[in-house]
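Working notes, beginning with the structure itself.
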Amino acid sequence: MMKIAFMILPLIYLAGNGYLFIRTWQAMNCLPVWVKVVVGILFWTVAFALFASVGLRDARLPEAFLRWMFRLGSIWMVYLLYMVMLLAVFDVAGIFVPALKPSLLYALPLTLCILAYGYINYRNPKVEHLDINLEKEYDCSPLRIVAVSDVHLGYGTGLSSLKKYVELINSQNPDLILIAGDLIDNSVKPLLQEPFAEALSTLKAPMGIYMVPGNHEYISGIEASADFLKDTPVKLLRDSIVTLPGGMQIAGRDDRSNRSRKSLEELMEMTDRNHPVIVLDHQPYELSKSDSLGVDLQISGHTHRGQIWPLTKITDLLFEQSHGYRKWSHSHIWVSCGLSLWGPPFRIGTDSDIAVIDLNSSPLQ
């Protein structure tokens, strides 16, 4: 199924670009040929800029050049999506209401307004406050956790954004910071050329900062990602358990990208079931299993909830819990939409988020 999807999606992308290019070319009907040629070259250069930036991420090219290729290409993808949808709507409507022609005249300003809203929404993360009572005792109750996921540091999320995120996290006065993967984006290279490690080192949590790998740590190179984190206070957990003072346990699962990772059953066997267990697992699959195995709290990310509508609807169908908080029969599970995001800097129909989780011990009598 996945192979078919990877074959179909590029064809859909090419078809969408072709449709938009034809409409753009028609709108330039009165312009000189040389202007059309220049616009055509720019059009297709931007259309493939994102793929070029990812493919060339390890090449010896200027950092600024790769960053702008990535940004332009990712913005184009969302611009293309909304332009194609709106052009199709106005093309059909124009059959019945000729005044709605040319469709580009109406689709373009509407698309730009949608993108402006999406960018503003992305730049203002939502802080979700959760009060959770656990059914097991531990000595450090109450405990404040700030949970984040999918920061995607690199060409998309730069140093200035990271500093704002660190300030936001620290302002919540966490006892513990948990990162559910994809802290790094597509390459460690840009993180080594600017003081990203220094910025991460200003995170403050007296009980520690722990994270698990996401699929993007593997895309970036898991060993290179682990080496980068050694210069920060962030502790990387890969199929391992950390027991905090007071008995709280953090079980960090390696990402599904590692086909040899431990099963959740194996990881839970390494814990003391008399004390609470927090599972960090980047990708929120088989959550019913987490519930049946007695996980007290699970924190995941990965989905971004699709980032933009209508991809939100697809994501909601693919995952048991695509975003937000849910209390299962036993487990409390939080799936983050992501503090930042991959690719296009827009949130349309979703929110960037962090969770501030106040844990209390309320054992059953």
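All values below were derived from every heavy atom in this structure, side-chain atoms included, with hydrogens, water molecules and symmetry-related copies excluded. Positions are given from 1, in the same order as the sequence printed here.
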Check your understanding: Given Val146 and Leu178, is the side-chain contact (heavy atoms from CB on, under 4.5 Å) satisfied, shown in steps?
Key -> CA-CA 6 Å; Val146 169; Leu178 299 178; over 6 Å; no
**Study point:** Check: Gln321 side chain, Gly324 main-chain N or O, donor-acceptor pair, under 3.5 Å
**Key:** yes
Check your understanding: Do Asp358 and His129 meet the criterion of a side-chain donor-acceptor pair at a distance under 3.5 Å?
Key -> no
Practice item. Would you please name every residue forming a salt bridge (Lys or Arg N to Asp or Glu O under 4.0 Å) with Arg305, sequence neighbours left out? Key: Asp316
Check your understanding: Can you find a pair of side-chain heavy atoms, one from Asp185 and one from Leu153, that are under 4.5 Å apart?
Key -> no
Exercise for review: Count the heavy atoms belonging to other residues, nucleotides or ligands that lie under 6.0 Å from CH2 of Trp328, then report whether that count exceeds 12.
Suggested key: yes
Review point. Are the ring centres of Phe346 and Tyr122 closer than 6.0 Å?
Key: no
Review point. Under 3.5 Å, is there a donor-acceptor pair between the side chain of Thr271 and the main chain of Met268?
Key: yes
Check your understanding: Between Arg123 and Ser161, is a side chain to side chain donor-acceptor pair (under 3.5 Å) present by the stated rule, with each step listed?
Key -> CA-CA 9 Å; Arg123 296 295 293 173; Ser161 294; 2.9 Å; yes
Check your understanding: Does Glu194 reach the main-chain N or O of Leu191 with its side chain, forming a donor-acceptor pair under 3.5 Å?
Key -> no
Check your understanding: Are Glu223 and Lys230 within salt-bridge range, i.e. N to O under 4.0 Å?
Key -> no
Practice item. State whether Trp25 and Arg23 meet the cation-pi test: NZ (Lys) or CZ (Arg) under 6.0 Å from the six-membered ring centroid, and within 45° of the perpendicular axis. Key: no
Review point. In chain order, what residues pass the salt bridge (Lys or Arg N to Asp or Glu O under 4.0 Å) check against Arg261, with sequence neighbours excluded?
Key: Asp281
Review point. Is there side-chain contact between Ser331 and Gln298, with at least one heavy-atom pair below 4.5 Å?
Key: no
Point to revise | Gly214 backbone acceptor or donor facing Arg256 side chain under 3.5 Å | key: no
Check your understanding: For Phe196 and Thr157, which heavy atoms make the closest approach, and how far apart are they?
Key -> CE2-O, 3.9 Å
Point to revise | Donor + acceptor pair across side chains of Tyr218, Asp254 (<3.5 Å) | key: yes
Practice item. Answer whether the closest heavy-atom distance between the side chains of Phe70 and Phe65 falls below 4.5 Å. Key: no
Practice item. Answer whether the closest heavy-atom distance between the side chains of Met28 and Val39 falls below 4.5 Å. Key: yes
Review point. Under 3.5 Å, is there a donor-acceptor pair between the side chain of Arg71 and the main chain of Pro344?
Key: no
Exercise for review: For atom CD of Gln26, decide whether the heavy atoms of other residues, nucleotides or ligands shown that lie under 6.0 angstrom number more than 12.
Suggested key: yes
Point to revise | Verdict with reasoning, Leu236 to Tyr210, per side-chain contact (heavy atoms from CB on, under 4.5 Å) | key: CA-CA 6 Å; Leu236 183 65; Tyr210 298 94; over 6 Å; no
Exercise for review: Could you label the plane-to-plane angle of the Phe48 and Tyr13 rings as parallel, tilted or perpendicular, counting under 30° as parallel and over 60° as perpendicular?
Suggested key: perpendicular
**Study point:** Intermediate values then yes/no, side chain to side chain donor-acceptor pair (under 3.5 Å), Gln307 and Trp342
**Key:** CA-CA 9 Å; Gln307 287 188 197; Trp342 180 87; over 6 Å; no
Exercise for review: Run the numbers on Tyr119 and Asn124 for side chain to side chain donor-acceptor pair (under 3.5 Å), then give the verdict.
Suggested key: CA-CA 9 Å; Tyr119 179 76; Asn124 292 276; over 6 Å; no
**Study point:** Minimal non-hydrogen separation, Leu287 against Glu320, with atom names
**Key:** N-OE1, 2.8 Å
Practice item. Anything under 30° is parallel, anything over 60° is perpendicular, the rest tilted; go ahead and classify Phe43 against Trp76. Key: perpendicular
Check your understanding: Without hydrogens or angle criteria, can the side chains of Asn170 and Tyr165 be said to hold a donor-acceptor pair below 3.5 Å?
Key -> no
Check your understanding: Salt bridge between Arg144 and Asp175, side-chain N to carboxylate O under 4.0 Å?
Key -> no
Review point. Nearest 0.5 Å, what's the CZ-SG distance between Arg347 and Cys337?
Key: 5.5 Å
Review point. Above 12 or not: heavy atoms from other molecules or residues under 6.0 Å from NZ of Lys36?
Key: yes
Study note, to complete from the structure: dist Tyr117:OH -> Ile348:CD1 (nearest 0.5 Å) comes out at 8.0 Å
Exercise for review: Looking only at non-hydrogen atoms, find the nearest pair between Pro213 and Arg238 and report the distance.
Suggested key: CG-CG, 3.7 Å
**Study point:** Worked check of side-chain contact (heavy atoms from CB on, under 4.5 Å) between Val335 and Phe319
**Key:** CA-CA 10 Å; Val335 179; Phe319 293 91; over 6 Å; no
Exercise for review: Give the minimum heavy-atom separation between Asn133 and His332, together with the two atoms involved.
Suggested key: O-NE2, 3.5 Å
Review point. Sub-3.5 Å donor-acceptor pair from the side chain of Asp351 to the main-chain atoms of Pro125, do we have one?
Key: no
Point to revise | Short side-chain to backbone donor-acceptor contact, Gln172 and Leu168, under 3.5 Å | key: yes
Exercise for review: Please answer whether the main-chain N or O of Leu311 pairs with a side-chain N or O of Thr315 as donor and acceptor at a distance below 3.5 Å.
Suggested key: yes
Practice item. Report the relative orientation of the aromatic rings in His302 and Tyr285; use parallel for angles under 30°, tilted for 30 to 60°, perpendicular for over 60°. Key: tilted
Check your understanding: Is there side-chain contact between Met207 and Pro245, with at least one heavy-atom pair below 4.5 Å?
Key -> yes
Review point. Taking everything shown except Gln193 itself, do over 12 heavy atoms lie less than 6.0 Å from its CD?
Key: yes
**Study point:** Closest contact, heavy atoms only, Ser220 versus Ser225
**Key:** CB-OG, 3.7 Å
Point to revise | Heavy-atom side-chain proximity of Ile75 to Leu50 below 4.5 angstrom | key: no
Point to revise | Non-hydrogen side-chain atoms of Leu87 and Tyr106 separated by less than 4.5 Å | key: no
**Study point:** Intermediate values then yes/no, side chain to side chain donor-acceptor pair (under 3.5 Å), Asn215 and Ser257
**Key:** CA-CA 6 Å; Asn215 55 302; Ser257 303; 5.9 Å; no
Point to revise | Contact check, side chains of His304 and His323, non-hydrogen atoms, under 4.5 Å | key: no
Exercise for review: Give a yes or no on whether the ring-centroid distance for Trp68 and Tyr155 is below 6.0 angstrom.
Suggested key: no
**Study point:** Check: Ser336/Asp353 side-chain N/O donor and acceptor closer than 3.5 Å
**Key:** yes
Check your understanding: If you take all heavy atoms of Leu31 and Val35, which pair is closest and at what distance?
Key -> CD1-CG1, 4.0 Å
Review point. Checking Glu217 side chain against Gly181 main chain: does a donor-acceptor pair fall under 3.5 Å?
Key: no
Exercise for review: Keeping the roles fixed (side chain from Lys136, backbone from Val277), state whether a donor-acceptor pair exists under 3.5 Å.
Suggested key: no
Point to revise | Between Asn186 and His216: side-chain donor-acceptor atoms closer than 3.5 Å | key: yes
Check your understanding: Can you name the residues that form a salt bridge (Lys or Arg N to Asp or Glu O under 4.0 Å) with Glu265, not counting sequence neighbours?
Key -> Lys289
Point to revise | Asp255 versus Gln283, side-chain donor and acceptor atoms under 3.5 Å | key: yes
Check your understanding: Is it true that Asp239 and Lys262 have a side-chain N and a carboxylate O under 4.0 angstrom from each other?
Key -> no
Review point. Taking atom types as modelled and ignoring hydrogens, do the side chains of Trp334 and Glu128 form a donor-acceptor contact shorter than 3.5 angstrom?
Key: no
Study note, to complete from the structure: Distance col, row Leu264:CG vs Ser290:OG, nearest 0.5 angstrom, shows 5.0 Å
